[in-house]
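Below: one structure, written as structure tokens.
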There are 2 protein chains.
Amino acid sequence: MTELADTLIPRPVRGRRQGTSPGDAIYNHVFNAILEQRLPPGTKLTEDVLGDIFGVSRTTVRKALIRLEHEKIVEIRPNRGAVVASPSVEDAREIFTARKAVETAIVDLVMARIDEGAIEALRQHTAAENAAHRAGDRRRWIRLSGDFHLLLARIGGNRPLHDFLKELVSRTSLIIALYERPGKATCQSDEHKAFIDALTQGDGEQARTLMLRHLDAIEAELHLEGEEDAIDLHRVFAEYFNDTRNSTG
Amino acid sequence: MTELADTLIPRPVRGRRQGTSPGDAIYNHVFNAILEQRLPPGTKLTEDVLGDIFGVSRTTVRKALIRLEHEKIVEIRPNRGAVVASPSVEDAREIFTARKAVETAIVDLVMARIDEGAIEALRQHTAAENAAHRAGDRRRWIRLSGDFHLLLARIGGNRPLHDFLKELVSRTSLIIALYERPGKATCQSDEHKAFIDALTQGDGEQARTLMLRHLDAIEAELHLEGEEDAIDLHRVFAEYFNDTRNSTG
DNA sequence: GACCGCGAATATGTATACAATTTCCTCATT
DNA sequence: AATGAGGAAATTGTATACATATTCGCGGTC
């Protein structure tokens with residue numbers, strides 16, 4: 001509960017604080033729904049429908065969709081509307097690579113700023129994670145697991161890195177929805193705990209290593225080797241051109 | 001604000017651009033104008049004026065402004081309109097920290113993927129930089145200096161990191177516009193060259209070091225110790241609360 | 001019965017209209 | 001002359017209307 005507590009609270013935009021506009025409400029609702037996997041990848045986000053749901057005009061809906069598109073969790077196809085994004089296997093690999101780069105840097109920043117209050121906040125967060133996990137609330141648990149990394153980024157105290165990681169974590173949620181192995185239970189509740197222990201002991205090298213292993217573990221439990229259905233068609237198409245075009249033309 | 005017209009339409013509309021919406025054109029023009037420091041921080045971006053300039057309605061202008069706001073080079077103040085962003089000293093420090101983290105990671109990626117073509121592209125780019133520098137075209141040189149880092153990011157092959165760096169480079173341009181020392185000539189033309197040499201020799205450790213030194217050099221030539229005028233008032237206000245509130249109340 | 005074209009229905013792209021808020025000028029007051 | 005209230009002008013926020021593009025279904029044709 002020291003000065004770090006201040007950094008955990010998002011700073012205002014160097015002006016006066018403002019009431020939330022209705023556009024923000026739509027943005028937040030859709031954002032949360034995607035993060036909690038209530039809106040799976042590919043879901044069509046029709047402007048009229050969203051407008052009716054939230055009681056606003058398409059103008060306001062479009063504003064929210066533009067923001068979501070920029071964060072790459074919604075794709076706006078010209079003249080064809082918005083859908084929840086479907087990251088490709090290649091996207092997924094790049095996102096995990098980016099996360100490793102950003103989050104190791106964040107660990108370094110955290111090591112230089114960590115204090116009692118921050119450690120306590122992290123412990124409380126993992127407690128909430130475990131509670132959700134034990135309660136079988138899978139959506140809430142996935143959400144909290146991502147939030148753990150964002151909490152760490154806030155402790156690191158670098159807003160650009162935090163905001164970027166927020167985008168990467170959101171997209172990771174889409175990736176998990178798309179590529180999770182059916183059988184595998186993604187169960188790494190104690191990895192966050194072990195990571196906090198390394199932080200507490202001031203072992204930065206160990207903390208970095210654990211973070212990298214943690215991210216590798218998440219990636220390894222996904223099914224990124226093959227392709228999803230739609231991509232499969234692309235591959236068939238490519239093979240058609242390579243193998244049989246000459247014989248049929 | 002007819003001066004906006006002069007800075008934003010230096011060149012005529014190019015030939016038919018199929019697939020690009022008019023909103024993209026506004027976005028690109030404003031983005032380039034900010035990057036080339038033709039639109040300094042704080043410049044008001046009135047929707048009607050921009051709409052008149054580009055011959056579109058405010059609806060289209062707003063779409064572009066929302067995107068620019070998300071990239072943090074434009075600030076939209078509720079009910080008060082959009083202005084070119086003015087990063088604070090704190091923002092500047094955080095942005096340089098983020099750049100060091102991201103760009104060292106990019107150097108590692110580049111080392112694993114570098115080839116003859118990439119080296120040639122980098123050399124050609126520095127040649128263009130030097131040409132602009134010798135020609136005294138300072139705006140173009142600043143623009144190309146930033147683009148060098150983005151070219152490197154593209155070679156690295158990680159889109160999320162590239163897009164994030166694009167945002168950081170754009171904001172760096174605003175930071176330079178705000179905090180450049182009047183006397184100091186920001187002249188590090190050969191640093192990019194030395195960096196390429198390290199890459200060519202396969203010396204990743206040296207390349208990382210040079211990149212860090214390069215970014216530190218840019219930051220060191222800025223005037224980030226004091227505050228700008230507006231910020232000064234904020235500080236006075238803060239000190240008033242810290243020092244004299246008890247004695248006056 | 002399958003395929004193609006055409007038109008209606010649907011959805012998005014953009015402009016315009018109106019409401020709400022801020023900004024700025026004017027003028028009275030001290 | 002400086003200050004503050006009041007109102008007009010300007011600007012942004014949101015909704016609606018119209019134009020354009022896409023999607024879907026129907027009917028005709030082979």
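Since the structure is predicted, the reported quantities are computational estimates derived from the model, not experimental observations. Residue numbering restarts at 1 for every chain, and letters A, B, ... go by the order of the sequence lines.
When the C1' atoms of four end pairs are superposed on the next four at each end of the helix from C/dG1-D/dC30 to C/dT30-D/dA1, using five pairs per end, the two resulting axes differ in direction by 10°, to 10°.
Between A/His29 and A/Phe54, the ring planes lie tilted relative to each other; the angle falls in the 30° to 60° range.
Paired with A/Glu36 under the rule side-chain hydrogen bond (donor to acceptor under 3.5 Å, both in side chains), one option of A/Arg138, A/Arg143, A/Arg139 passes, and it is A/Arg143. Between A/His149 and the choices A/Glu103, A/His162, A/Lys166, the side-chain hydrogen bond (donor to acceptor under 3.5 Å, both in side chains) rule is met once, by A/Glu103.
Comparing C/dA11, D/dT22, C/dA15 against the side chain of B/Ser57 picks out C/dA15 as the nearest. When the nucleotides D/dT22, D/dT14, D/dT11 are ranked by their closest atom to the side chain of B/Arg58, D/dT14 comes out on top. Of the listed nucleotides (C/dT14, C/dA11, D/dA21), C/dT14 has the atom at the smallest distance from the side chain of B/Thr60.
Distance A/Leu50 CG to C/dT12 P: 9 Å, rounded to the nearest Å. Atom CZ of A/Phe54 is separated from atom P of D/dA15 by 14 Å (rounded to the nearest Å). B/Leu65 has its CG atom 14 Å from the P atom of D/dT11, to the nearest Å. Distance CZ (A/Arg77) to C1' (D/dT23): 12 Å, rounded to an integer number of Å. The distance from atom CD of B/Glu47 to atom P of C/dT14 is 16 Å, rounded to the nearest whole Å. Rounded to whole angstrom, the span from the CD1 atom of B/Ile76 across to the C1' atom of D/dG13 amounts to 12 Å. Atom CD1 in A/Ile66 sits roughly 14 Å away from atom P in D/dG13 (whole-Å rounding). Distance B/Asn79 CG to C/dA19 P: 16 Å, rounded to the nearest Å.
At D/dT12, none of the side-chain N or O atoms of B/Arg62 fall inside 4.0 Å of OP1 or OP2 (strictly under the cut-off). Taking side-chain N and O atoms only, B/Lys63 has no distance below 4.0 Å to OP1 or OP2 of C/dA15.
Take the nearest nucleotide of DNA chain D for A/Gly55 and for B/Gly81: the residue whose nucleotide is more 5' is B/Gly81.
Contacts of A/Gln37 classified as side chain to side chain donor-acceptor pair (under 3.5 Å), with partners at least two apart in sequence or in another chain: none. For B/Glu47, the salt bridge (Lys or Arg N to Asp or Glu O under 4.0 Å) test picks out B/Arg58, B/Arg62, with sequence neighbours left out.
Within the 4.0 angstrom heavy-atom criterion, base atoms lie near B/Thr59.
Remark: A/Arg67 engages A/Asp24 in a salt bridge, criterion side-chain N to carboxylate O under 4.0 Å. Checked for salt-bridge contact, B/Lys63 and A/Glu69 miss the test: no charged N lies under 4.0 Å from a carboxylate O.
For B/Arg80 and D/dG13, a side-chain-to-base donor-acceptor distance below 3.5 Å is absent, hydrogens and geometry of angles not being considered.
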